[in-house]
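It should be emphasised that the depicted structure is a prediction, and the values quoted were computed from it without experimental measurement. Counting starts at 1 for both ligands and their atoms, following the listed order. Residues: numbered from 1 along the sequence shown.
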Amino acid sequence: MEIKYENVSYVYNPKTALKKVALKDINLVIQDSQINALIGTSGSGKTTLIELLNSLLVPTKGKVIVDKDIIANKGYIKNINQLRRKVGIVFQFPEEQFFNLTVKKEIEFGLLSFNYRTNELDKRVSDALKMVGLDDSYLERDPFKLSNGEQRKVAIASILVFNPKIIVFDEPTIGLDYDSKKNLIKLIRMLKNRYNKTIIIISHDIDFIHNISDYVILLDKGNLILTGSKYDTLANPAVLKEFNIPMPKVVEFSYKVLKKKGIKMGYRDDVNDLLKDIYRYAK
Ligand code: ADP
Ligand code: MG
């Protein structure tokens, strides 16, 4: 499914004293069926960029193409409900938006307007729960009484239940402990590998991004300044330095070993794989 930004600018409060240019002339293709990381300092335009994807915002100039829909000032969107079912956005702290009394109601809420038969609705909710690693015993539980990690899973299930092709995560690791983060990494990989989803992740967590992403998009003050595969960006110390991106720990370690010991280690996504390499060397 094509996702493309063509000469997209976005201005908040145009023609007022509060005018704020959030995106400037962005040309970008999001890689289909891959994990795309969107990085940049606070205020660089990341959330604005993704809110254009399902027409929560409409470009001030230029157009965003999602599949057969064009989101533009004079755009043509066949059916906005259908567009919103193609693009699922898991917003920051999604569990703060909970308002239903059971997990089941929370997950099926967004589906109710679509006239599913009850048994089909139940199956979809149950399948979405299973995808995030929770079983049916959670259906009647109170979402407010779950752990942080479980709440985050329910919030994600409430998006997966639509079966969107594109899934956006805005800062998904904030507030999660180590195990929940590990589970999230597994889930996102499965969404790509087994279900062929296109994933976009906004995150400040450079080690998480380095671990999970295939492609990287860097914004700065509303400008697109770098795109490329993870190997050409986050794994390249010269590029990290040039664009002022913090160095992922795995890259930093490998780089130090190369500089100080002259040993070139294989490229690793995950610190545990790197540790195995080190034990192998040490033997
Ligand atoms: P990020 O997600 O990278 O932190 P945002 O897309 O939220 O960046 O914001 C980009 C710029 O637009 C920032 O300067 C921000 O202050 C401004 N901005 C975001 N939302 C609004 C809004 N609703 N009204 C006015 N300015 C906004
Ligand atoms: Mg943001």
Ring center gap for F109 and F99 short of 6.0 angstrom: yes
Contact flag T47/the Mg ion (ligand 2), N/O/S atoms, threshold under 2.8 Å: yes
Sidechain N-carboxylate O distance under 4.0 Å for E106, K104: no
D214/K230 ion pair, N-O < 4.0 Å: no
Y12 ring center within less than 6.0 Å of Y10 ring center: yes
Short N-O contact, D273 and K276, less than 4.0 angstrom: yes
Under 4.0 Å from ligand 1 - residues by heavy atom, chain and number: Y12, N13, K20, A22, T41, S42, G43, S44, G45, K46, T47, T48
Side-chain ion pair, K181 and D205, N-O less than 4.0 Å: yes
